[in-house]
Every structure is written in structure tokens, then in C-alpha cells.
2 protein chains.
Amino acid sequence: MKRKITLKDIAKELEVSISTVSKSLKDSPEIGEDTREKVKAFAALYNYKPNNIAISLKNRRTKNIALIIPEIVNDFFGEVIGGVEQVANEKGYNVIVCLSNESFDKEVVNIDTLAHGGQVDGFIISLSKETMLRQDYNHLIEVENQGMPLVMLDRVTEQVLCDKVIVDDARGSYNAVSHLIEQGCKKIALITTVDYISVGHLRTQGYIKALGDHGLELDPSLIVRIDGIAGCEDPIKKLVENQDIDGVFAVNELFAVTAMKAVQNHGKKVPQDVAIIGFSDGKLLKHATPAVSTVSQHGEEMGRVAVKMLLKRLQSDKEEESFSTRVIKTSLIKRESSGS
Amino acid sequence: MKRKITLKDIAKELEVSISTVSKSLKDSPEIGEDTREKVKAFAALYNYKPNNIAISLKNRRTKNIALIIPEIVNDFFGEVIGGVEQVANEKGYNVIVCLSNESFDKEVVNIDTLAHGGQVDGFIISLSKETMLRQDYNHLIEVENQGMPLVMLDRVTEQVLCDKVIVDDARGSYNAVSHLIEQGCKKIALITTVDYISVGHLRTQGYIKALGDHGLELDPSLIVRIDGIAGCEDPIKKLVENQDIDGVFAVNELFAVTAMKAVQNHGKKVPQDVAIIGFSDGKLLKHATPAVSTVSQHGEEMGRVAVKMLLKRLQSDKEEESFSTRVIKTSLIKRESSGS
DNA sequence: TGTTAACACGAAACCGTTATAGTTTGTCTA
DNA sequence: TAGACAAACTATAACGGTTTCGTGTTAACA
């Protein structure tokens, strides 16, 4: 590795002190104009860039932020990354992306390493499934105790006090289900996740409330709770074949598209026989045939907001204040799968 | 920000020197066993972790690598990130993900900042479209000149000498098209990108060769070249409606699924009337109805291989040697869209 | 009893910057 | 012509580690 040019190199070459070089480059009035110009010209010529590692050490901040997400092959998190990266870069921050792969252990290791190692100034995190199941948030609380800012995104918990960015899951699904009802659906199935996942739980509540408000009865046999992503086909197929349904609300992309496939394979038409609506606006729903209506959570926007909250904390010296939770509005994207 | 505990703190507390603490924690035989144990116990108690920034400064290496990709809302790059992250983490490296958003300028800025700022030890990059169009690779050549290892992935150029990881695009599409021909297709359309994109060009070549080898004539009116992602619907629709085709080979997910939609909307059945095959194995194809056959490029594997090549360079002190290009085999995933 | 080597530890330099506190000059003033 | 003061630099001490080179103590040996 060829060594990069340093202040010392410039100083030696121009026969001035390191301080002079440093100050010249920062346009300090302490240094005479001619010296200043000379140094700057030389630096530009040799393409000098200050060593950020040294600066980090000096300033005790790295200008790096960590983004910890459960998985990446999911359009929602993809969008989040995009949003985070965009704003962070604008503000001169780098983003270190870490995948927990839905594993508690990996989440803990990632956070501990980055936090104690002093590699990042703050965290944006979306909890892994395992973490939510265990309800063990000590690693996060410790981060907070260290005085490192932490922003939780989408998959959050009230057991950690920090800034949060979420969508109004309950209202989003309320709207989705209401939409189905307005389209004439009477027997609407819900395909959701197990309850310990915050968003799954809230979306289920929205479904229940929408039915109630529109005078429809809640039929538990129309609700399927799915744990993993892996084996979702079977229960969905069973639901579609055994229940007489005319609408489906699925809490994520995959469930929605899988349900549509099951419906079509079962010889029914979407949306004529069964209307379908999903949650999260990825490519999967957009490019399905027919295109699937959905509740958009605006992942990019969420990412952008999360960074902004984080940077605000990083840039204000006064600690504490109170924490806030930003709720990003969802919007209903009506496509072919839920009627005209 | 509460200050993290340092060697100095431990030293003061235990009334030994900083060196003693440092050596104890590294299990140096220079230090007596009891002192060593005492220090280690104390460090463990206070959860001491060395400051990686300081270590980076001292060692002149950061244990960070940069991964620069054109976009993220694309399953292929999502998989690549996964693979890179996995191996990198195993080896104690962090991954800084940067998006060029297909922009030359952003690619250059990202690379310059990270390279000169000394934030990373090496790069893995997939070129932006704009970069390939302009054929300006000076930013990459400069990285190389600095002695920083660079691995190019998927979208590469021969104009930069470095390690590369690619798939055999030509062979992959040759196989795909041959498969269609074996299924009885005679008039196979090609939906591809403009030629300056290395992979688009190669995939087109594979198509042409497959036709030739099977005695089919090349009909230029069956080839559609699409520039952006945005307006791909129209030309595809036109192709489907105006040409009498019985097969489609699309060089990416989106084109494939858009073509399928056009075919179905045009009143034809997939695969009975028109067989379809795509490239890259994302969710879009897997969960379409019918599921679309494709050429898998094994993105995760490519990511893994790329990091390994990078780390090998980083860990060997001897420079130069020769560069190698690893070709990852594609595999044909036969699904419903191309017949039984 | 003096020499020496092993042992256990400390001092100091260094990585590249920045910030603070000097130190030279030269000029102007009283 | 000494004294004050500004201008233009330089020296130094951090930041938090690692590492090389001492150094003082003790024990073994001739």
C-alpha cells in the first residue's frame, strides 16, 4: 500500500511546521497569505486529503452511523437503506449496514462491536424477530447508557426509550380493510404474522377494528398467523381452499402475492371473485398480474427521517431532552387486485 | 456522550502503566501472571473494548471495506450485499455500503472520499451505468495506483486491471435461449439493455449464438433494446402485440415480468402460447404467476467470492502478482413460464 | 562476591490531526 | 531606545492504542 501524503510530508517538503500546514489548509488568518497559498497549492497538487481516521480519533466522532436491519432481500428494507444513505451522505456521514438476519445474537454482536469499538456515532435499528420474541433489549439500553443516540425504525419496542420512526400500522391496515369492504367484500381473510412482531400485531388490530366499524363479524377462522417466511404456502392454500372468502388482507408483500397465487390456482379470479390487498410497496406487488393494491409505508421516507433524527441528536451537545416518535403516514395504493 | 473506558483509565485505577495494561490484555508473556489476571478481570468488569479508531490509526488499516453498487432496489444487488456482509463480518471487517444511483459523479465522490480519507482498506464495486457509458475509469485507476485493492463485480470493464467476479453472461443466456428452443420455440424475442452495459451486451451475444447453433434465423425485429428502467412497458408492449412470437428471453427480472404481463394482457397464455425466461433470480420471477424460469447468477455467492478475493489481497503483504477473474457459474432455474 | 540472565514492568515514540500555548521577528510608540 | 504589540510561525500536548527499548529487581552461577 503506497502511503498517502500527510501533513508531515507537506511540512517537510515546504520546510515549514506541521501546524503551519494544518492552519494554512484551514484558511487560518494566523498564517501569512503567501505561505497559505503556497501550502494550498502544494496540497492540491499532491491531492492531499486529511486522514479521517486521525480526525476521528482527535474529535472522538467518526462520522459513521450504523444501520442494523433484519434482512435485505425485502424491498422495504432496501428502500430504507436508500433513504438513510441518501441523507447521511449529504451530511457527510457514511453508513455501515449490518444484517442481523433476524438473529438476536448477531444483532447483539454487531451492536457491541460497533458501539464499544467506537466505530460509529449512532445507530438506526430495526429489531430482529428473535429479539422481539425474547424481549431482551439490554444491548440497546446499554448503547443508550453510553450516551450514543439510537433511533428505532419500524420494528420497535416501548421497552427502550429513544427516538422512533414508525408507520401507523393500525390505521394503514384499517384503511386497507375498509377499502376492501367498500368494494363489497364481506368475508375478508387476514394473513398476518405471529403476534410478537410489533407491526404484525398492530396491523391485525387495524383489521379487527375495520370489520367492527363496518358492522362485519370477526371470524377467527379467517385469520391465519404465519411464523416464518419459509412455509407460508401451505396454510395460505388451506385458507383459500377451505374458506369461502371474497377478500384478503395480507400484512406483507410475500403473503399477498402467495395468496393471490393460491386464489388463482384455485380457479378464482382476482379481483372479481376475491379482492386482495397487501402491505409495503415493493416490486412484488407492483409487477404482479394483476397488480396488487397495497398500503405503502414509504420506506425511503422513513429512512430519511430516521437519519435526520439521529443527526439532530449527534449535532446538539445538550443531552437528554425528551424522545419523540415520528409516525409516517401510510398511503393506500389502489391497483387492479382490489377492483376498479 | 459518556466517555468509554480506556487503557489509561485502567492503568490509573490499578496503578500500573499503560503498557502493562495493553500487554496484559494481549496475553503477553512479558507480564506476570497475577498482574495479567488482575488487569483482565478489571477490564472485563468494566467491559473494556479497545478503540478501533486508535488501532486503525496505528496500524494504518481500518478493517472496513467499501461496497459500491448502482442501486439497491434490485434483488441481485441485495443478494450481493448479503454475501459480502456475511464473509466480511466473519473476518472482522465492516462493510460500508454506498449507492452510486447509476451516477458517475456520485461514484467518483464516494470513492475519492473513502479512498483518500483512509476510511476503508479496499473496494468492491459494480459500475454505474453512467460510468460505463462515459468509459471514464480514472477514479478507479487512481485507487489502484494508491495500492488499494479493488474488486469489480458483475458490471466490469477490461480497462481497469484488477480482480473481478463475473458470471458467464454469454453462456447463461445461451443456455436460457437453448432451453426455449428445446421447448419448441421458433420465434424468440430478446428484451435487452443498451449495449454499453457489459452484461447486457454479453447476454445479447449468448442469444445470438444460441439461435445460430440451433439453426434459427436472427430476426432483428424481435430484439428490443431498452435504455432506462422507467419506460420499458411501451416498447415491450409494442413488441408483444406486433410480432408473432412464441418465446421471450429478457435480460433482467423487470423486463421478464413486464413482458409476461404484456403477453397475458394480449390474450395469450404463458407458457402455452409464449414461453418466457428471465435473468437473475429475484423474488419477482419466483413469485410471479406463473413462476418465471430464469438464469440464476448467484448474487450471494458472487459477493462472498468478491470479499474473499479482496481480503486475500489485503492480507498478503507482497503486492502486484497477477489479477484474476472468477467466473461464477450460472444455473438455469426451470419454472412454469417455460413449459413443463 | 561479583557477573549475568531472566523476569516484570515502565518510558517513550509513533500513527495523523488539531488546538493551545509559546517564540521569534519587526514595527510603532512614548 | 526600551517597551508594547501585532504578525507569522513553531512547539507541544492531546486523542487511544501498540511496540520497541530500557531499567530495576531477583535469582542462579562461577
Side-chain angles (χ1 to χ4, degrees), chain A residues 1-40 42-43 46-64 113 115-121 146, chain B residues 1-40 42-43 46-64 92 115-121 146:
Chain A
M1 171 101 70
K2 208 185 295 177
R3 263 192 53 250
K4 283 181 267 286
I5 187 170
T6 69
L7 288 186
K8 199 198 274 185
D9 300 330
I10 302 182
K12 204 190 315 171
E13 206 63 36
L14 297 183
E15 297 184 299
V16 293
S17 77
I18 294 179
S19 340
T20 303
V21 178
S22 174
K23 286 174 181 160
S24 297
L25 293 174
K26 313 206 99 180
D27 269 323
S28 159
E30 268 189 86
I31 307 296
E33 191 165 354
D34 34 356
T35 312
R36 226 187 307 154
E37 289 311 320
K38 191 175 60 178
V39 170
K40 284 166 79 171
F42 189 91
Y46 284 95
N47 196 17
Y48 168 81
K49 293 262 170 60
N51 180 325
N52 286 318
I53 299 295
I55 294 178
S56 293
L57 182 59
K58 185 104 239 283
N59 296 345
R60 272 117 120 258
R61 56 184 190 136
T62 60
K63 288 247 173 187
N64 288 156
T113 312
H116 289 110
Q119 310 246 59
V120 297
D121 298 341
Q146 276 195 38
Chain B
M1 172 100 72
K2 209 184 297 177
R3 265 194 49 252
K4 285 180 267 284
I5 188 171
T6 69
L7 287 187
K8 200 198 275 186
D9 300 329
I10 301 181
K12 204 190 314 169
E13 205 64 36
L14 297 183
E15 298 183 300
V16 293
S17 76
I18 294 180
S19 347
T20 304
V21 178
S22 175
K23 286 170 185 164
S24 297
L25 293 174
K26 315 206 96 179
D27 269 325
S28 158
E30 266 188 85
I31 307 297
E33 190 164 353
D34 33 356
T35 311
R36 226 188 306 156
E37 288 311 321
K38 191 175 59 178
V39 170
K40 285 166 79 171
F42 189 90
Y46 285 93
N47 197 17
Y48 168 82
K49 294 258 172 61
N51 180 325
N52 286 319
I53 300 295
I55 295 179
S56 292
L57 182 58
K58 184 101 239 281
N59 297 345
R60 302 243 226 39
R61 57 183 191 137
T62 61
K63 288 247 175 186
N64 287 155
H116 289 109
Q119 311 245 59
V120 298
D121 298 340
Q146 276 195 39

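In what follows, chains are A, B, ... by sequence order, proteins preceding strands, each numbered from 1.
- Annotation: side-chain hydrogen bond (donor to acceptor under 3.5 Å, both in side chains) contacts of B:Thr62 (sequence neighbours excluded): B:Asp121.
- For A:Lys8, the salt bridge (Lys or Arg N to Asp or Glu O under 4.0 Å) criterion is met by no residue, not counting sequence neighbours.
- In this structure, CG of A:Leu57 is placed 14 Å from P of D:dA14, rounded to the nearest angstrom.
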B/S/- contact track for nucleotides 17-28 of chain D, protein heavy atom under 4.0 Å: BBBBB-------
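- Shown here are the side-chain hydrogen bond (donor to acceptor under 3.5 Å, both in side chains) partners of B:Asp9, two or more places apart in sequence or in another chain: B:Thr6.
- Evaluation of the ring-ring contact (aromatic ring centres under 6.0 Å, His included) rule for A:Phe42 yields A:Tyr46 as partners, not counting sequence neighbours.
- With sequence neighbours left out, the side-chain hydrogen bond (donor to acceptor under 3.5 Å, both in side chains) criterion links B:Thr20 to B:Ser17.
- OP1 or OP2 of C:dG16 has at least one side-chain nitrogen or oxygen of B:Arg60 nearer than 4.0 Å.
- Within a heavy-atom distance below 4.0 Å of DNA chain D, no residue of residues 31-39 of chain B is found.
- A heavy-atom distance below 4.5 Å is not found between the side chains of A:Ile5 and A:Asn47.
- Applying the salt bridge (charged side-chain N to carboxylate O under 4.0 Å, His left out) rule to pairs touching residues 11-21 of chain A yields nothing, sequence neighbours excluded.
- Residues passing the side-chain hydrogen bond (donor to acceptor under 3.5 Å, both in side chains) test with B:Asp27, sequence neighbours excluded: B:Lys40.
- As rounded to whole Å, 15 Å separates atom C1' of C:dT17 from atom NZ of A:Lys63.
- To the nearest angstrom, C1' of D:dA14 lies 12 Å from CZ of B:Arg3.
- For A:Asn59 (side chain) and A:Arg61 (main-chain N/O), no donor-acceptor pair under 3.5 Å exists by modelled atom type.
- A:Lys23 is linked by a salt bridge (Lys or Arg N to Asp or Glu O under 4.0 Å) to A:Glu30, counting only residues two or more places apart in sequence or in another chain.
- Protein atom CG of B:Leu25 is 14 Å distant from nucleotide atom P of C:dC9, rounded to whole Å.
- For the helix from C:dT1-D:dA30 to C:dA30-D:dT1, the rotation axes defined at the first and last 5 base pairs enclose an angle of 80°, given to the nearest 10°.
- Partners of B:Lys49 according to the salt bridge (Lys or Arg N to Asp or Glu O under 4.0 Å) rule, which considers only residues two or more places apart in sequence or in another chain, do not exist here.
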